[in-house]
K.L.:
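Got a structure for you, questions after.
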Amino acid sequence: MDSRTFYQRVYRIVSEIPAGSVMTYGQIAFYAGKPRAARFVGRAMRLAPPGLPCHRVVGKNGALAPAEAFGGPGAQRALLEREGIAFLPGGRVNMKKHWLQG
DNA sequence: CGTCTGACGATGC
DNA sequence: GGCATCGCCAGAC
């Protein structure tokens, strides 16, 4: 799988996240082969192709992506809640419950 | 073509 | 437990 770029590995991993679960930038970066390239996961999301469930990618503490990235405040949250993701009072994803661990 | 920035996170102090 | 710094390296300017 080394003939693909880091981004494509990221896309592959993200596309395999099941509905109702989330993964963190750092974890995805780790799986993609660059444990410290969490930033690039975010960059990959920004350049993400249509159809990629990038709303299932959150920060380590459950923080969601910038609102504008999903067309407005609450958009990502709505998508996640629709998949059964539970949120904490702080507006963050309940990682304890939905974090998809390897 | 040099510099700055960035959907982040680990580490050091 | 909060703040500063480094790593990652592709785009924007």
Side-chain angles (χ1 to χ4, degrees):
Chain A
M1 296 306 240
D2 44 32
S3 60
R4 301 300 187 203
T5 65
F6 176 72
Y7 291 107
Q8 289 201 303
R9 290 191 198 180
V10 171
Y11 295 145
R12 177 60 180 267
I13 294 168
V14 174
S15 67
E16 290 183 9
I17 302 176
S21 296
V22 297
M23 284 187 84
T24 68
Y25 297 98
Q27 189 183 13
I28 293 169
F30 186 88
Y31 271 89
K34 295 181 188 292
R36 293 174 181 163
R39 303 182 73 125
F40 287 91
V41 177
R43 199 185 283 279
M45 295 301 96
R46 191 180 156 190
L47 303 173
L52 194 77
C54 47
H55 58 277
R56 293 180 194 148
V57 182
V58 299
K60 197 195 170 208
N61 60 331
L64 299 179
E68 56 178 78
F70 285 91
Q76 184 180 12
R77 174 165 179 164
L79 287 170
L80 292 172
E81 288 184 318
R82 189 180 150 213
E83 296 182 349
I85 301 291
F87 279 77
L88 298 174
R92 304 180 339 252
V93 175
N94 187 338
M95 300 304 286
K96 183 102 177 182
K97 195 172 180 184
H98 300 289
W99 182 30
L100 183 64
Q101 302 183 46

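In this text, all values refer to a predicted model and were calculated from it rather than measured experimentally. Lettering of chains follows the sequences in order, A, B, ..., and the numbering in each one begins at 1.
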K.L.:
Do side-chain atoms of A/Tyr31 reach the backbone of A/Arg9 as a donor and acceptor pair under 3.5 angstrom?
P.N.:
no
K.L.:
Using a 4.0 Å heavy-atom cut-off, does A/Leu47 contact any base of the nucleic acid, only the sugar-phosphate backbone, or nothing at all?
P.N.:
sugar-phosphate
K.L.:
In terms of the nearest nucleotide of DNA chain B, which residue is placed more toward the 5' end: A/Pro35 or A/Ala48?
P.N.:
A/Ala48
K.L.:
Closest to the A/Thr24 side chain: C/dC8, B/dG9, C/dA10?
P.N.:
B/dG9
K.L.:
For A/Phe40 and B/dA10, what is the distance between atoms CZ and P respectively, to the nearest whole Å?
P.N.:
16 Å
K.L.:
Between B/dG12 and C/dC8, how far apart are the two P atoms, rounded to whole Å?
P.N.:
15 Å
K.L.:
Would you mind telling me which of B/dA10, C/dC9, B/dC8 lies closest to the side-chain atoms of A/Ala38?
P.N.:
B/dC8
K.L.:
Measure from CZ on A/Phe6 to P on C/dG11 and round the result to the nearest Å.
P.N.:
13 Å
K.L.:
Rounding to an integer number of Å, can you tell me how far A/Arg92 CZ sits from B/dC8 P?
P.N.:
15 Å
K.L.:
Suppose we define a pair by two distances each less than 3.5 Å, Watson-Crick or G-U wobble; what does B/dC1 pair with here?
P.N.:
none
K.L.:
Measure from CZ on A/Arg39 to P on C/dT5 and round the result to the nearest Å.
P.N.:
15 Å
K.L.:
Taking all non-hydrogen atoms of both residues, which atom of A/Gln27 and which atom of A/Gln101 are closest, and how far apart?
P.N.:
NE2-CA, 3.7 Å
K.L.:
Whole Å only: how far is the CD atom of A/Gln8 from the C1' atom of C/dA10?
P.N.:
15 Å
K.L.:
How long is the line joining CE of A/Met95 and P of B/dC8, in whole Å?
P.N.:
14 Å
K.L.:
Would you kindly confirm whether A/Trp99 and A/Leu79 end up in one hydrophobic cluster when ILVMFWY residues are joined by side chain heavy atoms under 4.5 Å apart?
P.N.:
no
K.L.:
Please check the phosphate of B/dG9 (OP1 and OP2 only) for any side-chain N or O of A/Lys34 closer than 4.0 Å.
P.N.:
no
K.L.:
Assign A/Phe30 to base, sugar-phosphate, or nothing according to its heavy-atom contacts below 4.0 angstrom with the strands shown.
P.N.:
nothing
K.L.:
With no hydrogens and no angle check, is any side-chain donor or acceptor of A/His55 less than 3.5 Å from a backbone partner on A/Leu80?
P.N.:
no
K.L.:
Does the A/Arg77 side chain pair with the main chain of A/Gly91, one donor and one acceptor, at a distance under 3.5 Å?
P.N.:
no
K.L.:
Taking only the side-chain heavy atoms of A/Tyr7 (C-beta and beyond), determine which of B/dG9, C/dA10, C/dC8 contains the nearest atom.
P.N.:
C/dA10
K.L.:
Rounded to whole angstroms, how far apart are CZ on A/Arg36 and P on B/dT11?
P.N.:
6 Å
K.L.:
For C/dG1 versus B/dC8, give the span between their P atoms, rounded off to a whole number of Å.
P.N.:
22 Å
K.L.:
Round to a whole Å and report the spacing from CZ of A/Arg9 to C1' of C/dC8.
P.N.:
14 Å
